[in-house]
Protein chains: 2
Amino acid sequence: MSSEDIRVSSKAVLNKRWQSGDHGLSIERLPAKESFKSKAYAALKEAITNMNIYGSNEPVLLDERDISERLGASRTPVREAVAMLEQEGLLRAVPRRGILVVRRTKAEIIEMIEAWAALESMAARLATLRASDEAIAELRAYYKEFDTSRIERERNDDYSSANIAFHQGLIRLSGSSLLAAMTDNLFFHVRAIRHRTIFEMDRAQRSAADHQEIILALEARDADRAERLVRDHTLRLARHVESHVDLD
Amino acid sequence: MSSEDIRVSSKAVLNKRWQSGDHGLSIERLPAKESFKSKAYAALKEAITNMNIYGSNEPVLLDERDISERLGASRTPVREAVAMLEQEGLLRAVPRRGILVVRRTKAEIIEMIEAWAALESMAARLATLRASDEAIAELRAYYKEFDTSRIERERNDDYSSANIAFHQGLIRLSGSSLLAAMTDNLFFHVRAIRHRTIFEMDRAQRSAADHQEIILALEARDADRAERLVRDHTLRLARHVESHVDLD
DNA sequence: CCTCTGAATTTGGCATACCAAATACCAACA
DNA sequence: TGTTGGTATTTGGTATGCCAAATTCAGAGG
């Protein structure tokens with residue numbers, strides 16, 4: 001089964017109908033009802049999100065046939081969805097045992113936060129170089145609104161997600177959709193722990209002054225400083241998790 | 001199809017045989033001959049690796065049935081493998097058209113190099129804090145060997161992969177397997193372009209002095225400096241690609 | 001009452017079949 | 001000759017069936 005065996009199909013040369021077709025008028029392929037595969041993927045991912053994986057210490061197992069039934073689909077698309085989630089690191093299909101929802105070790109979580117620090121600080125750097133004044137102003141506005149009026153009256157959960165939104169907003173300023181995608185993925189894993197405790201820690205760690213300073217650095221277009229502030233903050237969170245979170 | 005529909009199977013409570021079993025002695029599940037799914041995955045990935053995706057401008061399409069035949073397996077495991085590679089961003093299955101090998105735009109490549117810069121510079125930082133003197137010495141030894149004796153006599157290709165190895169070695173010093181995995185993945189995509197030209201640029205960019213400086217910073221345990229050197233170097237590569245590589 | 005054995009059952013992996021949608025082909029007509 | 005309409009074929013998505021491995025369980029033997 002060498003790679004030689006796999007070649008481009010004879011269809012590599014496209015059909016006329018697809019090659020041309022530029023009349024200025026661009027028509028999108030219609031809705032294209034999503035497949036069971038993607039529905040299963042979404043449903044599983046949601047289920048995993050809402051599940052408190054770290055609630056108990058028992059391994060969490062899922063059953064293929066069971067899921068197919070609940071979804072009203074056959075096993076095939078479910079298995080494909082599982083394969084994808086496995087690739088994403090959320091599941092692990094262990095033969096004869098079932099589909100295991102992967103539990104992260106504390107060390108892994110810390111690595112994730114460190115990677116997050118790397119990506120977000122780079123995003124901050126790029127943002128100082130690329131973001132428009134307006135975009136930065138928007139972030140400031142958002143931060144001001146949510147940091148002043150909402151803090152007192154809303155619950156921790158809301159603050160927590162608003163906090164995440166701040167991070168994400170900052171990352172989006174970099175203009176790099178890759179950085180955004182990668183951090184979103186990391187957030188997903190980190191968030192899965194203990195229903196948001198991590199991000200509540202983040203809140204505790206990040207003073208209003210921290211926010212302020214970061215935005216100031218952005219506005220001053222001081223790349224080094226913005227990068228350092230973001231990195232140090234997130235790395236502090238990692239250290240905090242290291243010493244105060246109990247897992248494994 | 002709400003997420004409510006998916007629950008933990010009744011098997012969540014494990015069998016005795018699996019719950020206990022901590023005798024310090026850990027026995028791994030034997031070889032467990034790999035499935036067709038993973039074989040197909042490996043074969044496809046290798047094929048994609050060796051394929052010069054950017055050689056022509058024609059979309060590269062693959063055919064499910066064709067692949068199954070060549071592999072001597074049915075479509076099912078192949079489709080699962082494809083689903084995984086799709087998740088990984090290497091393929092895109094477009095309905096009625098075939099399996100498309102994803103071509104990256106120049107902008108995407110640049111984003112990848114920037115993300116790489118973020119991760120590798122963080123790795124450098126962590127390495128200065130955590131790597132043992134011995135480990136750092138090893139990197140120096142490796143670098144010395146390959147930079148002096150091999151440069152003249154070996155071909156570019158070899159230098160290029162040795163160069164990648166240097167990066168990977170540095171990243172491994174951080175002790176973070178996540179950083180390693182993430183950068184490996186980025187390397188994979190970047191490497192796919194034009195058969196190594198990017199890394200040859202990297203070579204051109206990185207003078208022997210660069211190597212030297214980075215290792216010195218590691219040895220001096222100067223985190224800020226190590227981080228900056230690595231970051232700046234890789235970002236320079238990004239800028240270089242931006243202005244000198246022709247894609248799209 | 002515990003242990004061991006092997007038969008019954010369950011489970012995941014794979015193959016195959018089927019269907020509807022989409023494409024390709026072709027022939028009749030302008 | 002160029003279009004057009006309709007038919008044949010291909011293809012991806014899904015369902016289903018089969019099988020071997022692994023687990024469970026019950027009953028025999030201690």
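A, B, ... follow the sequence lines: proteins, then strands. Residue 1 opens every chain. Remember, it's a predicted structure, so these values are computed and weren't measured experimentally.
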Check: A/Glu46 side chain, A/Ala43 main-chain N or O, donor-acceptor pair, under 3.5 Å: no
Atom pair distance, as rounded to whole Å: CG in A/Leu71 and P in D/dT14: 11 Å
Shortest non-hydrogen separation from B/Glu120 to B/Val230 and the atoms involved: CG-CG1, 3.4 Å
For A/Ser177, side chain to side chain donor-acceptor pair (under 3.5 Å) partners two or more places apart: B/Glu111
N/O (side chain, A/Ser74) to phosphate O (OP1/OP2, D/dT14) under 4.0 Å: no
Consecutive Watson-Crick or G-U pairs in runs of at least 3, all under 3.5 Å, in which DNA chain C is involved: C:1-30 with D:1-30
Donor/acceptor link under 3.5 angstrom from A/Ser35 side chain onto base of D/dT14: no
Between P of D/dG12 and CD1 of B/Ile67, the distance in whole Å: 9 Å
Separation of C/dT10 P from A/Leu61 CG (nearest whole Å): 18 Å
Test item: A/Lys39 side-chain N/O and A/Glu34 main-chain N/O as donor-acceptor pair under 3.5 Å: no
A/Phe36 CZ to C/dA20 C1', straight-line distance once rounded to whole Å: 13 Å
Side chain to side chain donor-acceptor pair (under 3.5 Å) against A/Arg130, all qualifying residues, sequence neighbours excluded: B/Glu114
Interface with DNA chain C, restricted to residues 78-86 of chain A and to heavy atoms under 4.0 Å: A/Arg79
Whichever of A/Lys37 and A/Arg65 has its nearest DNA chain D nucleotide further upstream toward 5': A/Lys37
Value in whole Å for how far the P atom of C/dA15 lies from CZ of A/Arg75: 14 Å
side-chain hydrogen bond (donor to acceptor under 3.5 Å, both in side chains) pairs, two or more places apart, involving residues 78-91 of chain B: A/Tyr41-B/Gln87, A/Arg79-B/Glu80, A/Glu80-B/Arg79, A/Gln87-B/Glu88, A/Glu88-B/Gln87, B/Tyr41-B/Glu88, B/Lys45-B/Glu88, B/Glu64-B/Arg79
For A/Ser243, side chain to side chain donor-acceptor pair (under 3.5 Å) partners two or more places apart: none
Sugar-phosphate only, base, or nothing, as touched by A/Ala73 at under 4.0 Å among non-hydrogen atoms: sugar-phosphate
Upstream residue (5' side of DNA chain D) when B/Thr76 and B/Glu64 are each assigned their closest nucleotide: B/Glu64
Closest approach of A/Leu179 to A/Ser176 (non-hydrogen atoms, all atoms of both residues): N-OG, 3.1 Å
B/Glu108 (side chain) donor-acceptor with B/Thr105 (main chain) under 3.5 angstrom: yes
Nucleotide D/dT10, atom C1' - distance to CG of B/Asp63 in whole Å: 9 Å
